[in-house]
Every structure is written in C-alpha cells, then in structure tokens.
Amino acid sequence: MHPVLISIVLLTFSNIFMTFAWYAHLKELNNKPWIIAALVSWGIALFEYLLQVPANRIGYGVLSVGQLKIIQEVITLSVFVPFSVMYLKEPLKLDYLWAGLCLLAAVYFMFRDKLG
C-alpha cells in the first residue's frame, strides 16, 4: 500500500479517537468534575497518538510537514461534522461548507507543486 494512503487511513482513525477525546465528554461526562473528563480524554488520546505518530512518520517520507498538516485538517473536518451532527446532535450549518471550501483552497496551495 502506498505510504500516502497508509498515512491517510491512520490519520483518519487517529482523528476519530481525538474527536471523541476532545468532545465526547461534553455529552457523556458533563455531570462529572472536569478532572474526570480530562483523565478519560487523556486515556482516549493515547490511542490517537498510537496511530497519529506512525501516520506522520510514514507520510513524511513522501509528503512535506505542511502537506501532512493540511491532510490532517481536512480529515478533522470530515470526522468532526458527522460527529457533531450525529453524536452531539448539533445542527448542520452551512458554515461547515464554507470551512470545507477554505480547506480545499489550502489543499490546492499545499499541493500545487505536485499538480503541475
């Protein structure tokens, strides 16, 4: 499997863990002290790092750090929007579309040397 594809898959799974670590406590642990939420989130984040670190190491051989970061940001929005709407029951807003279009512009600028 190509290193870029491996990085994207690992970053996607790591971002799922990180989204839960950052935001699930708002729904699940909202009646617990913040320190409990922080410790649970930290435990979840460990799994994120076990995927994110190898993803970036594998991808760095063929992508720049900036390209890896932009890929991660696109994945973040792609994971966050469904999580926000389906899990946290937040309304789907047109703002997500505008943010996504801005990210597409960022992708273009970070990868334009590979496009031509």
Side-chain angles (χ1 to χ4, degrees):
M1 191 180 300
H2 195 275
V4 174
L5 186 56
I6 293 170
S7 289
I8 290 171
V9 169
L10 290 173
L11 286 172
T12 299
F13 284 110
S14 79
N15 208 281
I16 291 168
F17 278 107
M18 201 57 178
T19 300
F20 273 91
W22 281 22
Y23 300 105
H25 65 88
L26 297 174
K27 178 180 178 182
E28 303 300 331
L29 301 173
N30 62 350
N31 59 346
K32 302 284 186 203
W34 73 265
I35 190 71
I36 301 297
L39 292 171
V40 169
S41 294
W42 187 53
I44 295 169
L46 170 65
F47 295 103
E48 185 267 343
Y49 279 101
L50 292 174
L51 297 169
Q52 176 267 336
V53 170
N56 283 326
R57 286 177 164 238
I58 291 166
Y60 186 63
V62 291
L63 297 168
S64 70
V65 174
Q67 290 168 334
L68 282 166
K69 181 61 179 169
I70 290 302
I71 289 170
Q72 186 271 325
E73 292 300 336
V74 170
I75 292 168
T76 296
L77 189 61
S78 300
V79 168
F80 178 76
V81 172
F83 175 86
S84 172
V85 171
M86 294 187 304
Y87 187 80
L88 293 177
K89 307 297 185 208
E90 294 282 325
L92 181 61
K93 297 165 74 173
L94 203 51
D95 293 342
Y96 293 128
L97 174 64
W98 308 136
L101 291 173
C102 290
L103 280 175
L104 283 178
V107 168
Y108 168 76
F109 287 113
M110 292 306 295
F111 284 89
R112 67 182 166 174
D113 64 325
K114 293 188 183 273
L115 298 174

To the nearest 0.5 Å, what is the distance between [atom1] ([X]) and [atom2] ([Y])?
| X | Y | atom1 | atom2 | value |
| --- | --- | --- | --- | --- |
| Glu90 | Ser84 | CD | OG | 4.5 Å |
| Leu68 | Arg57 | CG | CZ | 12.5 Å |
| Phe111 | Ser64 | CZ | OG | 7.0 Å |
| Thr12 | Gln72 | OG1 | CD | 10.0 Å |
| Leu11 | Glu48 | CG | CD | 8.5 Å |
| Phe17 | Leu46 | CZ | CG | 9.5 Å |

For [X] and [Y], which heavy atoms make the closest approach, and how far apart are they?
| X | Y | value |
| --- | --- | --- |
| Ala21 | Ala45 | CB-N, 4.0 Å |
| Leu63 | Lys114 | CD2-CE, 4.3 Å |
| Ala106 | Ile70 | CB-CD1, 3.9 Å |
| Pro91 | Tyr96 | O-CE1, 4.1 Å |
| Lys89 | Met86 | NZ-O, 2.9 Å |
| Pro3 | Val62 | CB-CG2, 4.0 Å |

Problem set entry | Flag, side chain of Gln67 to backbone of Met110, donor-acceptor distance under 3.5 Å |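 Indeed, once roles are kept as given, a pair shorter than 3.5 Å links the two residues.
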Exercise. Does Ala38 offer a backbone N or O that forms a donor-acceptor pair with the side chain of Ser41 under 3.5 Å?
Worked result: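 A pair under 3.5 Å: no.
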Exercise. Under 6.0 Å from the CZ atom of Phe47, do we count more than 12 heavy atoms belonging to anything else shown?
Worked result: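 For Phe47, atom CZ is not crowded (no more than 12 foreign heavy atoms under 6.0 Å).
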Problem set entry | Tyr60 atom OH, over 12 foreign heavy atoms within 6.0 Å |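 Count not over threshold, so no.
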Problem set entry | Evaluation steps, side chain to side chain contact (heavy atoms under 4.5 Å, CB included), between Glu28 and Tyr87 | CA-CA 10 Å; Glu28 303 300 331; Tyr87 187 80; 2.6 Å; yes
Look at the side-chain heavy atoms of Ile, Leu, Val, Met, Phe, Trp and Tyr, link any pair under 4.5 Å apart, and say whether [X] and [Y] land in one connected group.
| X | Y | result |
| --- | --- | --- |
| Leu5 | Val79 | yes |
| Tyr108 | Val74 | no |
| Leu104 | Ile75 | no |
| Leu94 | Val81 | no |
| Leu50 | Phe13 | yes |

Exercise. For the rings on Phe20 and Phe83, is their centre-to-centre separation under 6.0 Å?
Worked result: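 Here the rings of Phe83 and Phe20 have centres that are less than 6.0 Å from each other.
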For this session: Using the side chain to side chain contact (heavy atoms under 4.5 Å, CB included) rule, take Leu10 and Asn56 through it: C-alpha gap first, then chi angles, then the decisive distance, then the call.
Result: CA-CA 9 Å; Leu10 290 173; Asn56 283 326; over 6 Å; no
For this session: Evaluate the side-chain proximity of Asn15 to Leu51: yes if any heavy-atom separation is below 4.5 Å, no if none is.
Result: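 No, side chains not in contact.
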For this session: Go through Lys32 and Leu39 one step at a time and tell me if the side chain to side chain contact (heavy atoms under 4.5 Å, CB included) criterion holds.
Result: CA-CA 11 Å; Lys32 302 284 186 203; Leu39 292 171; over 6 Å; no
